[in-house]
Amino acid sequence: MEIYLPIAETSQNLFFLLTIGFLAGILSGMFGVGGGFLTTPILIVSGIPPAVAVGSEANHIVGSSLTGFLNYFRRKYVDIRMGSIMIFGGGIGSVLGVYLFKYLSLIGRLEEVIAVAYIFFLGILGIYMLYESLKTKKNKALGNLMKLHDHGWFHGLPFRIKFRRSKLYISIIPPFVISFFIGILASILGVGGGFILVPAMIYVLGMSTQVVIGTSLMQVLFVSIVSTIMHAHVNQTVDVILSGLLLFGGVFGVQAGAFLVQKISGEVIRMLLGILIFSLCVFLFSKLLVNPNLVYVLEFLR
Amino acid sequence: MKLFIIIFLYLSFFCNSCYGKQNLIAGFLDNNINIDVGFTGKKLSYFGAIDIQGDLVIIVTGPRKKIKVFKKEKKIWFWLNSSSRIFVDVPSYYFVATSRPLNQMKNDSFLKINQIGLENLRFEGAEEIEEIERAKWRNGIIDSMKKMGNYFSKNGNIDIIDEHLFKTEISFSSDIAEGVYIVDSLLLKNDSVIGSNRSFINVSKSGLGEKVYLFATEKGLLYGIFAVIAAMLFGFSVNEAIRKINA
């Protein structure tokens, strides 16, 4: 069954869209991430205009990250103070990102930037997940590897404050800068940024792992709210029908994810996801190499 | 078929009384295309009647648009956008149907002047580039339009029934542009037009799809806030529902 998406101005299979939402839901049910890094490239590959895929995915993430955030918030696994600084950096970054998005679109480089950025991030993430899933199969003592964080020079920058929940006493500059860049990335790529933010919070900031996902969801939620409103305002590329269908498919995905995470071992899940992410990366890469279907790309001006 | 005969009688009545000797009359039963959420493309039947035998040509032209064209070129290994040009007056849709192949009609200058057939289609814009290069761009645009399903490489057929009635089908994909489409039918004999008719097709968004589109394009900021609130309400209620189920 086909459904017409009024902002994308094309029709798409209803069950296909629900399935993508379902897949993203499984990811958030299992790992507490929004799944934008998987959803947006799949939407683009399936023929949704990249700009609309990005704008609508931001809107999708608002809903899915709120569901996850509330879970962590109730259990108090959120560092509100750290989150507030990140919201500030991420908010500024995402506003800037939307204007950068518009500029790239005007000079005709948007689709290439999106493709290259996805190839880069999906490649790293896919290889990392595959590597880690194979490694932890041999050595299950991952928890013990996480010792007290090392202090980098940037931890000692000015404006040091205490982050009690994160068990840190560091400068506010590193979290601000990290979240600023992730905000830019989120707006351009249609992701929440959790998949980069979580490792950055653990390995760069050295945050206590207990509060990492909840705090990153707080930033993702806020950044995607800003990004959605700005995309709607500046680029008019938010398709609520599309994001609504993704959210709807996600409801069942979250349940399935929560169920799966108890049934299948984490390594298998990570390996499957790693394979999926890496093949998506290879596919996007090959699209830059093979002869394009359209050598002359047309853009209707209003 | 019954319907057809009625229409034929109706049309031939019009042919002879109201418009005088017009030789050709044509139209649609329904000339509106409404793009709603369920829209997946549409086929319209266009039919009419002729008094005198001759060659029939039907041309459907979508709203002419200003377009920005990016040309992809292979640089080292990668296909990248290399340059862009602006063209204006490019039909967003173009379809020709004929009663016999165009090249057999032997009226090249006539076809050229009236822009009948893809090879005779002209666009304005990008005058700054030289003629040969510009022709490449023009052909590139037509090629892309064909692949996007907006132009058709093969001319459509016109079915002629009982020597007087004719009928053709015009199909539209789900990606069509909004606006007024012009449908011209011409009756040719011995290199001259002996009958013509112009009708219109209105393509517009409707229903929920139209409401969403208008809201998004006219009040972007408010629409964005609305989209966020809707997504948050959804996310919140899912969370509540899951909590209730698990409790």
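Letters go in sequence order (proteins before strands), and every chain restarts at 1.
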Atom [atom1] of residue position [X] - does it have more than 12 heavy atoms of other residues, nucleotides or ligands inside 6.0 Å?
| X | atom1 | result |
| --- | --- | --- |
| B/Phe226 | CZ | no |
| A/Phe248 | CZ | no |
| B/Lys112 | NZ | no |
| B/Phe200 | CZ | yes |
| A/Phe88 | CZ | no |
| B/Glu131 | CD | no |
| A/Phe285 | CZ | no |

Under a 4.5 Å heavy-atom cutoff, which of [options] has the most pairs with chain B?
| options | value |
| --- | --- |
| A/Asn71, A/Ile107, A/Asp239, A/Val254 | A/Asn71 |
| A/Ile61, A/Val234, A/Val290, A/Leu247 | A/Leu247 |
| A/Ile241, A/Leu298, A/Thr228, A/Ile225 | A/Leu298 |
| A/Gln12, A/His60, A/Met1, A/Arg109 | A/Arg109 |
| A/Leu14, A/Leu66, A/Leu5, A/Leu221 | A/Leu66 |
| A/Lys287, A/Arg74, A/Glu111 | A/Arg74 |

Check whether [X] gets within reach of chain A through its side chain, its backbone, both or neither, counting any heavy atom under 4.5 Å.
| X | answer |
| --- | --- |
| B/Lys136 | both |
| B/Lys205 | side chain |
| B/Lys71 | both |
| B/Arg243 | side chain |
| B/Ile245 | side chain |

Roughly how far, to the nearest 0.5 Å, is the [atom2] atom of [Y] from the [atom1] atom of [X]?
| X | Y | atom1 | atom2 | answer |
| --- | --- | --- | --- | --- |
| A/Thr67 | B/Glu240 | OG1 | CD | 10.5 Å |
| B/Lys65 | A/Leu301 | NZ | CG | 10.0 Å |
| B/Leu221 | A/Gln236 | CG | CD | 10.5 Å |
| A/Asn293 | B/Lys72 | CG | NZ | 10.5 Å |
| A/Ile3 | B/Phe39 | CD1 | CZ | 14.0 Å |

Open item on the list: Just to be sure I understand the criterion: a residue of residues 227-234 of chain B counts if one of its heavy atoms is under 4.5 Å from a heavy atom of chain A. Which ones qualify?
Closed with: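 When heavy atoms of chain A are the reference, residues 227-234 of chain B contributes B/Ala227, B/Val228, B/Ala231, B/Met232, B/Phe234 within the under-4.5 Å range.
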
Open item on the list: Taking 4.5 Å as the heavy-atom cut-off, does anything in residues 74-84 of chain B contact chain A, and if so which residues?
Closed with: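 Within residues 74-84 of chain B, the residues under 4.5 Å from chain A are B/Lys74, B/Trp77, B/Phe78, B/Trp79, B/Leu80, B/Asn81.
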
Task: Option in B/Ala216, B/Ser144, B/Ser237 with maximal non-hydrogen atom pairs under 4.5 Å from chain A - done: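 Answer, by heavy-atom pair count under 4.5 Å with chain A: B/Ser144.
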
- [ ] Count the heavy-atom pairs under 4.5 Å between each of B/Val37, B/Ile225, B/Asp36 and chain A, then report the option with the highest count.
- [x]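 Going by pairs under 4.5 Å, I would pick B/Val37.
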
Is [X] in contact with chain B via its backbone, its side chain, both, or neither, using a 4.5 Å heavy-atom distance?
| X | value |
| --- | --- |
| A/Gln255 | side chain |
| A/Leu294 | both |
| A/Glu112 | side chain |

Task: Residue pairs passing the ring pair (Phe, Tyr, Trp, His ring centres under 6.0 Å) test where at least one lies in residues 107-137 of chain B, sequence neighbours excluded - done: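 Ring pair (Phe, Tyr, Trp, His ring centres under 6.0 Å) check on residues 107-137 of chain B returns A/Tyr296-B/Trp137.
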
Task: Side chains of B/Val69 and A/Val297 in contact at under 4.5 Å (non-hydrogen atoms) - done: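 Heavy-atom side-chain distance check fails, nothing below 4.5 Å.
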
TODO: Report the C-alpha separation of A/Phe69 and B/Asn239 in whole Å, then their side-chain angles, then the decisive distance to 0.1 Å, and conclude whether the side-chain contact (heavy atoms from CB on, under 4.5 Å) test is met.
DONE: CA-CA 9 Å; A/Phe69 172 72; B/Asn239 185 276; over 6 Å; no

Please find the pair of heavy atoms, one from [X] and one from [Y], that lie closest to each other, and give the distance.
| X | Y | answer |
| --- | --- | --- |
| A/Tyr4 | B/Ser174 | CE1-O, 3.1 Å |
| A/Pro6 | B/Gly209 | CB-O, 3.3 Å |
| A/Phe300 | B/Ser92 | CE2-CB, 4.0 Å |

Open item on the list: Which residues pass the side chain to side chain contact (heavy atoms under 4.5 Å, CB included) test with B/Asp175, not counting sequence neighbours?
Closed with: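 Per chain and number, B/Asp175 pairs via side chain to side chain contact (heavy atoms under 4.5 Å, CB included) with A/Thr10, B/Ser173.
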
- [ ] Spell out, as yes or no, whether a donor-acceptor pair under 3.5 Å connects the side chain of B/Lys219 to the backbone of A/His233.
- [x]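 A pair under 3.5 Å: no.
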
